[in-house]
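We use all heavy atoms of the structure for the numbers below, so side chains are in, but hydrogens, waters and symmetry mates are not. All values reported here derive from a predicted model rather than from experimental measurement. In the text below, chain A, chain B and the rest are named by the order of the sequence lines, each starting its count at 1.
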Amino acid sequence: MNLLLAQLAVENTTYRFDKPFTYIVPEALRAAVCPGVRVTVPFGSGNRTRVAMVLALQEAEQPDSRLKAILKTLDDEPLLSAEMLELVPWMKSRYYCTLFEAVKLMIPAGIGYKIVNRYRISAAFKDYDRTLYGDLEWQIIQQLSNAKQGMTGAQLMVKLGIDEKCDALCGLLEKGIVIRENAASRNMGDATSKMICAVPDFSGTLSPKQQSAFDTLCDVGTVSVRELSYFTGVSTAVIKALADKGAAEIFEVERFRRPKLSAAEQNALPKTLSPEQARVAQEILRECDAPEPSVALLYGITGSGKTAVFMHVIRHVLDAGRGVIVTVPEISLTPQTLAVFTAAFGDTVAVFHSGLSMGERMDEWKRVRSGQAKIVVGTRSAVFAPMQNLGLIVMDEEQESTYKSESSPRYHAREIAKFRTNYNRAYCLLCSATPSVESYYMAKSGKYQYHELLNRYGEAIVPDVRLVDMNSEDLYRGKPLISMALARAVSENLEQGRQSILLLNRRGYHTYAVCRDCKTVVSCPNCSISLTYHAANNRLMCHYCGHSEPAYARCRSCGGELTFSGGGTQKAEDQLREAFPEARILRIDTDTTANKYALEKKLAAFSAGEYDIMVGTQMVAKGLDFENVTLVGVLSADQSLYSDDYRSNERTFDLLTQVVGRAGRGRFRGTALIQTHVPENPYLHLAARQDYARFFETEIRFRRAMLYPPFSDILQIGFVGEKEETVRLAAEEFSARLCETFSRDYPTLPIRLLRASAASVSRMGGKYRYKIIMKYKNTKQFREIIASLIIAFSADKRFSAVTVYADPNPDTIL
DNA sequence: TACTCCATGCAA
DNA sequence: TGCATGGAGTAA
């Protein structure tokens, strides 16, 4: 009888030695092992048990003696379809990730098995003589003798406070008294947020830190653990200790709920399409029904009703019996968004979102795979939904950077969408009011289909936008964040009982503190970045690594007085309160909306007219739709304009266009004021006029001249490590090898290599960062060269303390 | 001679 | 990453 072999993606491999591993399928498992099923296998010289995914099966004549056999299967039926199994190696080659990293994206987190160590007393062990063992050893023996099932490493940690690698345990293992086994165990639990409330009559002793946390807690009542940690600056360990001492209670609440059908009814979209919408929808349907797969860009100015159009298309595809995936950026996956879909499509909608509990995530995943759900709505990872017979993928706001993964596998959802569109002979619809330059270029050059909506739906008209020159404009009563012009507009708006939205894309109170005498900037101990002063908790905080310490007034190095400057949202809120004492002001940023419900509640309250002014970070800039908002103010448009990143123009244009589009979505004409110190900057004027076409013309010329995407692909190779010198050397060495390889072996390949340099935030979380930027043509040959260079490099002992990664078309190249 | 420690290399 | 292997060094 022939031998059956399986190609497996094994978990916990490193990129250096990752590849499909071949295992023997034992006779007994022949029926159960098939592609897409997970198995456990012995791996490595110690034959430790690991989870692996079956990628493919093959027959073999003669058995190779080096091959090991599969231990058992973990699934009764395949988790991955042929399509997904094909996508796995595709992703490995493009994103320089391991096979199993790709697999993990495609299966719901709750379904994951983890390999855990279990310890139990050897059956042969009889020698219960206390005098033979040390205290700790004896405790371990006692504990394990009592546990029939044995104990996991984690359980031992909890009971005895010992590490799995401690001497006592290792000693017992060596003597054969304790036996270690490892087995796959299901890791299921619920993604909830931890809330904490004080036990008021608590009368024990507390450490100073615990006391301060306790006092705060008594003042505020119930808060999330995260918020408490923000306000008091203590670590979660301190908070936990508080609960252990009985001073507080920690409980969990579900973070996310599916909208009820009844609530959804109110959010139904208008049933009728405008003539323009109907015409575009018809065109799209025609392409959609064509047998060939295609990608299309739907450009529609803000308020033109793109949603209504693609809902129409979705309906059509569903009616034809095919499945639909809709992706939205993180920020716009709100209960309102879901309600729109639930209202239109009822129970056939499944939701993919990081806020779901693991159980829910798994349920939704199964509903999709089984075909009960025909439409998936979710964020980036929803493009991997196990939809059979996929007919349509809609990407709303396709330019959003949340579609690009910032950790391995560093994929872009748009690329995965295109792969699936081709595989399924389906249709991919990219939607945006400010498309990415790359997508618009593809549409203009005929690689994508192109459709546009140029009129606002209903009576809404495009807002009137003005730039306010902060160099010449008088400030309102000495308030540096608010100009006279903006103050007048806000006050008029208040008088008319309308609402205003103000954008300031920086959190905190003061964004900068510097010593008057020695000019030292107060910066994070772990990152090369200045600390932001937060008035809400009187602390200095790092927005990169989360470091936080109590604020102080005197310079740490010379004792001089600190000068605080730079305004964030907290300061803006303060100044607005002083300027408009009668106005009801709402601040929205990640500090005020630590949990999901807080944001929901606040937006609902604003929508109900309980506030007059909303001031916030980019959270307020996108996707919100409030009838009564007629004024939008951008407090400072300047931050993103002068960074070196090649996408900064695009980002500025996008943000401004979007936020301006929040004004006048109802019956009244909207106004927008953009405050800037550089009123001559052309991109501000283009955004003010909402002139995407001209923006594109300007930008594409720059991209062509500089050979940036879409005229080349970019690869960033990043180096991270503790010692700056080593990291720098690693980057330089890699750069040298790159040059050498390309000039010696592939002199004909077009490539531009930029010198290795420190990342713009050169230190983050205590680690130094360097990068190499390359402009090249993303071909198979090129990718293979890079992959082999990375593998060779990570084998170099000199740089073992440096991690290398490759990021194709990164979101930023800073 | 026996044993520990660490650098090295490999994973099916 | 994590484990086995073996050579170097050390103690007896």
### Task
Name the residue closer to the 5' end of DNA chain C, choosing between Ser45(A) and Arg50(A) according to the nucleotide with the nearest heavy atom.
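Final value for this comparison: Arg50(A).
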Which listed nucleotide ([options]) is nearest to the side chain of [X]?
{"X": "Arg16(A)", "options": "dT1(C), dA4(C), dA12(B)", "result": "dT1(C)"}
{"X": "Thr14(A)", "options": "dT1(C), dA12(B), dC3(C)", "result": "dT1(C)"}
{"X": "Lys797(A)", "options": "dA12(B), dG9(B), dT1(C)", "result": "dG9(B)"}

### Task
Indicate whether any N or O donor in one side chain lies under 3.5 Å from an N or O acceptor in the other, for Asn778(A) and Arg783(A).
yes
#### Entry: Between Thr402(A) and Glu330(A): side-chain donor-acceptor atoms closer than 3.5 Å
no
### Ile529(A) versus Ser523(A), closest heavy-atom pair with distance
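Distance-wise, the nearest heavy atoms are O-CB, 3.2 Å.
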Figure out the [atom1]/[atom2] separation between [X] and [N], and round it to whole Å.
{"X": "Leu71(A)", "N": "dA12(B)", "atom1": "CG", "atom2": "P", "answer": "12 Å"}
{"X": "Lys68(A)", "N": "dC10(B)", "atom1": "NZ", "atom2": "P", "answer": "15 Å"}
{"X": "Lys19(A)", "N": "dA12(B)", "atom1": "NZ", "atom2": "P", "answer": "10 Å"}
{"X": "Arg48(A)", "N": "dC10(B)", "atom1": "CZ", "atom2": "P", "answer": "21 Å"}
{"X": "Asp18(A)", "N": "dA11(B)", "atom1": "CG", "atom2": "P", "answer": "14 Å"}
{"X": "Leu99(A)", "N": "dA11(B)", "atom1": "CG", "atom2": "P", "answer": "17 Å"}
{"X": "Asn47(A)", "N": "dG2(C)", "atom1": "CG", "atom2": "P", "answer": "15 Å"}
{"X": "Phe100(A)", "N": "dA11(B)", "atom1": "CZ", "atom2": "P", "answer": "21 Å"}

### Query
What is the nucleic acid contact for Tyr23(A), judged by heavy atoms within less than 4.0 Å: base, sugar-phosphate only, or nothing?
sugar-phosphate
### Task
State whether Glu27(A) and Arg30(A) are salt-bridged, where the test is any N-O pair (Lys NZ or Arg NE/NH1/NH2 against Asp/Glu carboxylate O) under 4.0 Å.
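Judged by the 4.0 Å cut-off on N to carboxylate O distance, Glu27(A) and Arg30(A) do form a salt bridge.
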### Message
Between Arg728(A) and Glu725(A) (salt bridge meaning N to carboxylate O under 4.0 Å), is one present in this structure?
### Response
yes
### Query
Does Phe17(A) stack onto the base of dA11(B), taking stacking as ring centres under 5.5 Å apart and planes under 30° apart?
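Stacking between Phe17(A) and dA11(B): present.
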